[in-house]
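Ligands are counted one by one from 1 in listed order, and the atoms in each one are counted from 1 as well. Worth saying up front: this structure is predicted, and the values here are computed from it rather than measured. The figures here come from the full heavy-atom set of this structure, side chains too, leaving out hydrogens, waters and symmetry mates.
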Amino acid sequence: MLRSIRLAQALTVAAEDAYTVAMRVVKVPLGQRSYSIFIGSRLLPRLGGECARLKLGRRCAVIADARVAPLYADAALASLEAAGFAPVLLTVPAGETAKRLANVQRCYDQLAAHRLERKSFIVALGGGVVGDLAGFVAATFLRGVAFVQVPTTLLAQVDSSVGGKVGVNLDAGKNLVGAFYQPRLVLADLDILGTLPERELRAGLAEVIKYGVIADAALFRRLEREVPKLLARDPATLAAVIARCCRIKAVVVGRDETESGLRAILNFGHTIGHGLEAISRYGSYLHGEAISIGMVAAAALSARVAGLPAGDVARISALLDRAGLPTSVRLAAPQRKRLLAAMQHDKKVSGGEVKFVLAKRIGEVVAGQAVPEAFILESIPVQSPTFEPKS
Ligand code: NAD
Ligand code: GLY
C-alpha cells in the first residue's frame with residue numbers, strides 16, 4: 001500500500017525556545033514517559049542539577065568511550081557529585097565495532113560490582129555508539145534503570161539520543177538486538193561539538209540532510225544555503241538546525257514510538273546504508289557515510305518507483321557532496337551479492353521482502369515500498385571514484 005506522509009502541518013509549531021535565550025527545549029511527547037531535549041551551550045555543568053530535578057537515585061554510572069572519557073568524563077562526574085550523586089565511570093572502546101554484546105556484558109559486570117540498584121541511573125556520555133550501547137544496558141540491567149543521554153556527536157544530538165531506540169549489532173546485521181527504551185532527559189551541549197573530528201561532523205550532516213528529505217523542504221533549502229556555516233560549526237546555525245531536527249524526530253516518535261508505521265520514514269537511506277556497514281564489518285564507513293550512499297541510492301530508486309523528480313535526485317546528491325560525504329561506492333560482483341544478502345537481515349524486511357522508504361519529492365516520503373532486486377542493484381551508484389575519507 002502506498003502511504004503518503006505529510007508532516008508539514010505538525011511541524012509548523014515554533015515552540016522550541018522556552019527555557020532561556022541561550023537554550024532551546026524540544027519536548028518528546030510520550031505521555032508519562034515524555035522528556036525534554038535541551039540544546040545549548042554550557043549544558044554539561046548542569047547535568048547534575050537536571051538529574052536532581054528528575055529525582056533520580058543517588059548512585060549512578062557514566063558510560064563513555066575511550067576517546068570521549070578523557071575529554072568530558074571529569075566534567076560530567078564533577079557536576080553529578082556537586083549535585084549529591086555518587087557516580088562511577090565505565091569506559092568502553094570507541095567506534096562502531098564496540099557496539100556488541102560482549103561490551104554489554106562487561107558493563108553489566110561492572111554495574112553489579114559497583115552495586116547499582118533499581119533506583120540508580122546511567123548517563124550515556126558519547127556518540128550514537130555509546131548512546132545505543134549504554135541505553136541497551138540501562139533497558140536491561142535489573143530489568144531497567146533510568147538513563148540520561150548526553151550526546152557528544154552531531155549525529156547523536158540530532159538523531160540517536162532521541163526516540164529510545166537502543167541496541168547493539170550482530171555480525172549478521174546492524175542493531176539486530178535491542179529495545180525501545182526512552183531516556184529521561186537529553187542534554188545536547190553545543191560546546192562539546194568543538195572537539196568532534198571533522199569527518200564525524202560531516203557524518204552527522206548526513207542525518208541532518210535526511211530530515212530535510214523526509215519531512216521539511218524548507219530545512220533542505222536552508223541546508224543548501226548554510227552547509228558552509230554548519231561545517232564551520234557556527235553556533236547559532238548549529239543550534240537552530242539541531243533543534244529543528246530534534247523537533248521533527250520528536251513529532252514522529254510521539255506519533256509512532258515503536259515503528260508500527262510513520263517512524264519508518266526515519267530510515268530513508270538506511271536499508272542500503274546498513275547493508276554497506278554490515279558487509280564492510282562496520283570498519284570502512286562511518287554510519288553517516290554509509291547512510292549518505294544509501295540516500296543517493298534511495299533517491300535513484302525513488303525517481304524510478306515513486307516519481308521523485310530528477311532535479312530533486314540531483315539536489316540530494318549535490319548537497320551530500322557539498323557536505324563532504326561519499327555519494328557512490330565501487331562494489332565488485334561478489335560484494336553486490338553480499339550487500340543484497342545483508343539487506344535481507346534488515347529489520348525492515350517483511351515476508352522476505354526488503355522494504356524501502358522512497359521520496360516523492362524533497363520533504364515527502366512513503367515507507368514500506370517493495371522494489372525489484374534488479375532496480376536495487378542498478379540504483380547503487382558506482383560511476384564516481386571510490387570514496388576516500390578526508391581526515
Ligand atoms: P560514534 O558514537 O562512534 O562517535 C564517533 C567517534 O567520535 C567516536 O570515535 C567517538 O569516540 C568520537 N567522539 C564522540 N564525540 C566526540 C567529541 N565531542 N569530541 C571528540 N571525539 C568525539 O558515532 P556516531 O556517529 O555518533 O553514532 C553512530 C551510531 O549511532 C551507529 O551505531 C548508528 O547505528 C547509531 N544510530 C542510532 C540511532 C538511534 O535511533 N538509536 C539513530 C542513528 C544512528
Ligand atoms: N534513526 C531511526 C529511528 O530512530 O527510528
In the protein, what heavy atom is nearest to atom 19 (N) of ligand 1, and what distance, to one decimal place, separates them? Thr195 OG1, 2.7 Å
Roughly how far, to the nearest 0.5 Å, is the OG atom of Ser280 from the CD atom of Glu96? 9.5 Å
Atom 5 (O) of ligand 2: the protein heavy-atom neighbour that sits closest, reported with distance to 0.1 Å: Arg263 NE, 2.7 Å
Closer than 4.0 Å to some heavy atom of Lys174 - which atoms of ligand 1 meet that? 31 (C), 32 (O), 33 (C), 34 (O)
Non-hydrogen atom of Lys249 closer than 4.0 Å to ligand 1: yes
Only heavy atoms count here, so choose which of Thr258, Asn267, Val162 is nearest to atom 2 (C) of ligand 2. Asn267
So which heavy atom in the protein is nearest atom 31 (C) of ligand 1, and how far is it from that ligand atom? Glu96 OE1, 3.0 Å
Would you check whether Lys165 has a nitrogen or oxygen atom less than 3.5 angstrom from a nitrogen or oxygen atom of ligand 2? yes
State whether the shortest distance between N or O atoms of Tyr72 and N or O atoms of ligand 1 falls below 3.5 angstrom. no
Polar atom proximity, Val68 to ligand 1 (N or O, under 3.5 Å): no
For ligand 1, is Gly131 a contact, meaning one of its heavy atoms is under 4.0 Å away? no
Please write down residue, atom name and distance for the protein heavy atom closest to atom 1 (P) of ligand 1. Val129 CG2, 3.8 Å
Looking only at heavy atoms of Leu286, does any of them come nearer than 4.0 Å to an atom of ligand 1? no
Glu207 neighbourhood, listing ligand 1 atoms whose heavy-atom distance to it stays under 4.0 Å: 43 (C)
When you look for heavy atoms under 4.0 Å from ligand 2, do you find them on the side chain of Val253, its backbone, both, or neither? neither
Decide whether the shortest distance between a heavy atom of Glu277 and an atom of ligand 1 is less than 4.0 Å. no
For ligand 2, which atoms sit closer than 4.0 Å to a heavy atom of Asp159? 1 (N)
What do you reckon, does Lys249 have a nitrogen or oxygen under 3.5 Å from a nitrogen or oxygen of ligand 2? yes
Value for CD (Glu117) from CZ (Phe141), rounded to nearest 0.5 Å, stands at 9.5 Å
